[in-house]
Amino acid sequence: MDAELLASLRALVDANRLRIVGRLAGGPAQAQALADELRLPLPMVRKQLDALVRAGIVEARPDAPGTFAARADRIGELGRGLAALQREA
């Protein structure tokens with residue numbers, strides 16, 4: 001299994017990270033807005049965002065400081081990687 005694929009999948013194991021990615025798939029948001037919408041403590045949201053950024057699933061928006069967005073290209077790659085694994089099985 002590709003190490004990058006595995007690292008990204010590991011980042012999505014956490015339920016709160018999945019919730020954050022799901023919300024960001026609908027559009028960019030600031031950390032505080034995510035915390036409010038998902039009813040999670042802000043420090044937890046920031047920690048989860050850091051992990052998702054490191055995994056390449058989420059990016060900080062350079063045009064809007066403090067705003068994060070899901071990387072649709074990377075999420076698509078994950079889907080294709082999972083489909084390839086299924087074909088190999």
Side-chain angles (χ1 to χ4, degrees):
M1 179 180 293
D2 177 82
E4 189 175 338
L5 173 64
L6 186 57
S8 294
L9 290 173
R10 282 186 178 138
L12 293 174
V13 168
D14 184 274
N16 288 321
R17 289 182 196 157
L18 279 173
R19 292 176 66 205
I20 291 169
V21 171
R23 165 53 188 85
L24 291 176
Q30 292 188 336
Q32 183 64 59
L34 289 168
D36 293 345
E37 289 175 34
L38 301 175
R39 297 183 180 177
L40 296 170
L42 181 58
M44 176 188 290
V45 169
R46 289 190 186 278
K47 180 180 176 181
Q48 303 302 351
L49 284 168
D50 288 344
L52 292 165
V53 168
R54 282 193 309 274
I57 299 167
V58 166
E59 64 184 353
R61 296 283 303 268
D63 59 327
T67 301
F68 295 85
R71 288 193 49 206
D73 61 326
R74 185 64 185 136
I75 294 169
E77 289 173 12
L78 290 174
R80 289 186 293 278
L82 288 172
L85 287 174
Q86 184 179 11
R87 286 190 300 270
E88 292 173 8

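Only a predicted model underlies this, so the values are computations on that prediction, with no experimental measurement involved.
With values rounded to the nearest 0.5 angstrom, Gln48 atom CD is found 11.5 Å from Leu34 atom CG. Here Met44 contributes atom CE and Arg17 contributes atom CZ; the two are 10.5 Å apart, rounded to the nearest 0.5 Å. Here the CZ atom belonging to Phe68 is positioned 10.5 Å from the CD atom belonging to Glu59, to the nearest 0.5 angstrom. Taken to the nearest 0.5 Å, the CG atom of Leu42 stands 10.5 Å off from the CD atom of Gln30. Within the model, atoms CZ of Arg19 and CG of Asp14 stand 10.0 Å from one another, a figure rounded to the nearest 0.5 Å.
Here side chain to side chain donor-acceptor pair (under 3.5 Å) pairs that include residues 73-82, with residues two or more places apart or in two chains, are Ser8-Arg74, Arg71-Asp73, Arg74-Glu77.
Minimum heavy-atom separation, Ile75 to Ala70: CD1-CB, 4.0 Å. Looking at every heavy atom in both residues, Ala35 comes nearest to Pro41 through CB-C, 4.4 Å. Of all heavy-atom pairs between Ala29 and Leu24, the closest is N-CD2, 3.7 Å.
Partners of Arg46 by side chain to side chain donor-acceptor pair (under 3.5 Å), not counting sequence neighbours: none found. For Asp36, the side chain to side chain donor-acceptor pair (under 3.5 Å) partners two or more places apart in sequence, or in a different chain, are Gln32.
A heavy-atom distance below 4.5 Å is found between the side chains of Leu82 and Leu9. Counting only heavy atoms from C-beta outward, the side chains of Val58 and Val21 approach each other to under 4.5 Å.
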**OP:** Check the pair Leu12, Leu78 against side-chain contact (heavy atoms from CB on, under 4.5 Å), reporting the backbone distance first and the verdict last.
**Re:** CA-CA 11 Å; Leu12 293 174; Leu78 290 174; 3.8 Å; yes
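In terms of modelled atom types and a separation under 3.5 Å, the side chain of Arg23 and the main chain of Leu38 share no donor-acceptor contact.
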